[in-house]
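The structure appears below as structure tokens.
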Amino acid sequence: RGVDMDHARAFRYLQMAADAGNSNAMAYLGKMYSEGSTAVKQDNKTAFNWFKKAADNGNAIGQSGLGLMYMFGKGVEKNYEKAFQYFKMA
């Protein structure tokens, strides 16, 4: 079914796309950092930063990612009001 899964290659391509301003790539980098993988260590601060960049560009995945981080207090203090705001934006 296509090509072998390669998280490191996916990470490199997403990084290039995000650096070029692609908000979907920013959001997926946030997801990779929030979960961790063979390509990147789990890092809530970096995940938050990528989700924020995506959200600031109107990306619904980034907005919902921030909502989840605020809802569960991942890398930030729990804040249900901010979580709800980001979920509404998404």
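Here salt bridge (charged side-chain N to carboxylate O under 4.0 Å, His left out) pairs that include residues 46-69, with residues two or more places apart or in two chains, are Lys52-Asp56. Within the structure, no pair that satisfies the side chain to side chain donor-acceptor pair (under 3.5 Å) test touches residues 60-70, not counting sequence neighbours. Within the structure, every pair that satisfies the side chain to side chain donor-acceptor pair (under 3.5 Å) test and touches residues 3-14, not counting sequence neighbours, is listed here: His7-Thr38. For the salt bridge (charged side-chain N to carboxylate O under 4.0 Å, His left out) condition, the pairs that include at least one residue of residues 35-49, sequence neighbours left out, are Lys31-Glu35.
Judged as a side-chain hydrogen bond (donor to acceptor under 3.5 Å, both in side chains), and not counting sequence neighbours, the contacts of Asp19 are Gln15.
Residues Tyr33 and Phe48 do not share a hydrophobic cluster, defined by chaining ILVMFWY side chains whose heavy atoms lie under 4.5 Å apart.
The two residues Gly30 and Phe51 come nearest to each other via the heavy atoms C-CZ, 3.4 Å. Taking each heavy atom of Ser34 and Ala47 in turn, the nearest pair found is N-CB, 3.5 Å.
With rounding to the nearest 0.5 Å, the separation of CD1 in Ile61 from OH in Tyr28 is 3.5 Å.
Side-chain contact check for Leu29 versus Phe11: some heavy-atom pair is nearer than 4.5 Å.
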List the atom pairs, with distances to 0.1 Å, where a side-chain N or O of residues 20-27 and a protein N or O form a donor-acceptor pair under 3.5 Å, not counting sequence neighbours.
unit_1, atom_1, unit_2, atom_2, d
Asn22, OD1, Asn24, N, 2.9
Asn22, OD1, Ala25, N, 2.8
Ser23, OG, Asn59, ND2, 3.3
Asn24, OD1, Asn59, ND2, 2.8

Listed pairs under 3.5 Å, donor-acceptor, residues 71-90 side chains, sequence neighbours left out:
unit_1, atom_1, unit_2, atom_2, d
Asn79, OD1, Glu81, N, 3.1
Asn79, OD1, Lys82, N, 2.9

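In the hydrophobic clustering (ILVMFWY side chains linked at under 4.5 Å, chained through shared members), Met5 stands by itself.
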